[in-house]
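Quick notes on the structure that follows.
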Number of protein chains: 2
Amino acid sequence: MISSDLLKGSLKTIVLKLLQEEGPMHGYAITQRVEELTQGKIKLTYGALYPILHKLENENILVTTTEIRSNRTRIYYALTPKGDSVVVEKIRELNEFIESMQQIVTPKTGLSHA
Amino acid sequence: MISSDLLKGSLKTIVLKLLQEEGPMHGYAITQRVEELTQGKIKLTYGALYPILHKLENENILVTTTEIRSNRTRIYYALTPKGDSVVVEKIRELNEFIESMQQIVTPKTGLSHA
DNA sequence: TTATATATTTAAGTTTCTTATATATTGCAA
DNA sequence: TTGCAATATATAAGAAACTTAAATATATAA
């Protein structure tokens with residue numbers, strides 16, 4: 001399990017990318033899939049996930065469709081066109097961030113320390 | 001400039017790794033060096049940096065030595081033995097985090113979507 | 001019938017960071 | 001010689017993001 005400190009700020013990116021990759025999903029399935037993809041290293045808590053989903057819906061980045069399957073409600077979240085472009089931007093930022101972190105963690109010998 | 005959201009939780013790791021790589025530094029120099037290493041993409045604010053340094057000192061992860069150079073005070077921060085092992089752990093966590101994020105961002109075709 | 005898994009919600013609290021402000025010296029340019 | 005940029009540190013107030021905890025309800029396997 002990864003220290004939640006590092007995860008702060010990246011949950012939104014995780015959720016959006018997952019929806020881009022796998023199409024509409026409901027909240028519970030998102031937590032399961034993230035855990036599966038990361039071999040249990042990243043676990044989304046419901047207290048974090050659902051407020052994020054609600055917020056993204058309010059911002060017109062996600063839309064919902066409700067499915068009632070044998071008396072159990074599932075709320076599927078899908079990217080809007082606006083959401084599609086937000087994902088692209090978020091992924092660009094994430095790659096830039098990872099690159100920058102690696103520049104600090106694995107310093108290039110080429111850079112002078114002067 | 002990277003969205004500060006992604007940076008949340010990683011500032012401590014950045015500071016500690018930098019001190020490991022470059023030896024004792026004072027706060028102002030840390031901000032300059034991080035900016036330099038990341039081509040301006042990561043900028044530490046003083047409001048974030050100094051409280052982190054104070055906290056790490058209280059936790060016995062850093063020790064300070066004060067230098068007065070032509071009436072200007074510089075407080076150098078250096079890793080303690082405890083700090084050395086904290087850095088190792090933080091870097092391990094960071095690598096795990098980056099790996100996990102890449103698993104989401106760049107899904108392996110080998111993993112079933114079932 | 002009881003525990004576990006599925007499925008969502010939200011309030012209260014903590015941590016972490018941003019923004020703003022304060023202080024003080026040095027050095028360069030106008 | 002005045003004023004601005006750079007150097008150098010400190011901290012309070014507030015916002016944002018997350019954790020923890022508690023609530024609700026159904027399905028299913030033991």
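In what follows, every chain begins at residue 1, and chains take the letters A, B, ... in the order their sequences are listed.
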Within this structure, what is the [atom1]-to-[atom2] distance between [X] and [N], rounded to whole angstrom?
| X | N | atom1 | atom2 | value |
| --- | --- | --- | --- | --- |
| B:L11 | D:dA17 | CG | C1' | 14 Å |
| B:E36 | D:dT7 | CD | P | 12 Å |
| B:K8 | D:dA15 | NZ | P | 13 Å |
| B:N58 | D:dT11 | CG | C1' | 14 Å |
| A:I14 | D:dA17 | CD1 | C1' | 13 Å |
| B:Y28 | D:dA5 | OH | P | 13 Å |

Donor-acceptor pair, [X] side chain versus [Y] backbone, under 3.5 Å?
| X | Y | value |
| --- | --- | --- |
| A:S85 | A:K82 | yes |
| A:T80 | A:N60 | yes |
| A:S10 | A:L7 | yes |

Residues which pass side-chain contact (heavy atoms from CB on, under 4.5 Å) with [X], listed by chain and number, not counting sequence neighbours:
| X | value |
| --- | --- |
| B:I52 | B:L11, B:K12, B:L56 |
| A:D84 | A:L79 |
| B:T73 | B:T66, B:I68, B:I75 |

Does some side-chain heavy atom of [Y] sit less than 4.5 Å from a side-chain heavy atom of [X]?
| X | Y | answer |
| --- | --- | --- |
| B:I98 | A:Q102 | yes |
| B:T64 | B:L53 | no |
| B:L18 | B:M25 | yes |
| B:V63 | B:Y77 | no |

Sugar-phosphate, base or nothing in reach of B:S10, heavy atoms under 4.0 Å: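 Answer is sugar-phosphate: B:S10 comes under 4.0 Å of backbone atoms only.
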Sugar-phosphate only, base, or nothing, as touched by A:K55 at under 4.0 Å among non-hydrogen atoms: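 It contacts sugar-phosphate atoms only.
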Stretch residues 44-54 of chain A: residues that reach within less than 4.0 Å of DNA chain D through a heavy atom: A:T45, A:G47, A:A48, A:I52
Strand contacts (DNA chain D) in residues 85-92 of chain B, 4.0 angstrom heavy-atom criterion: none
Side chain to side chain donor-acceptor pair (under 3.5 Å) partners of A:Y28, counting only residues at least two apart: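 If we apply the side chain to side chain donor-acceptor pair (under 3.5 Å) test to A:Y28, skipping adjacent residues, there are no hits.
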Those residues that, when tested against A:E93, pass side chain to side chain donor-acceptor pair (under 3.5 Å) (two or more places apart):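 Counting only residues at least two positions away or on another chain, A:E93 forms no side chain to side chain donor-acceptor pair (under 3.5 Å).
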Per-nucleotide protein contact string for nucleotides 23-29 of chain D, where B marks a base within reach and S marks sugar-phosphate only (heavy atoms under 4.0 Å, - for neither): ---BS--
Sequence-distant partners of A:E89, salt bridge (Lys or Arg N to Asp or Glu O under 4.0 Å), two or more places apart: A:R92
Duplex segments of DNA chain D, taken as runs of at least three Watson-Crick or G-U pairs that stay under 3.5 Å: C:1-30 with D:1-30
Verify same cluster id: B:V15, B:V88 (apolar side-chain graph, 4.5 Å):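 No, it is not one cluster - the side chains of B:V15 and B:V88 are not joined through contacts under 4.5 Å.
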ILVMFWY network linking B:V34 to B:M1, side-chain heavy atoms under 4.5 angstrom: no
Where chain B begins and ends its contact with DNA chain C, read 5' to 3' at 4.0 Å from heavy atoms: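 Endpoints of the contacted stretch of DNA chain C: C:dT16 to C:dT26.
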Partners meeting ring-ring contact (aromatic ring centres under 6.0 Å, His included) with B:Y76 (sequence neighbours left out): B:H26
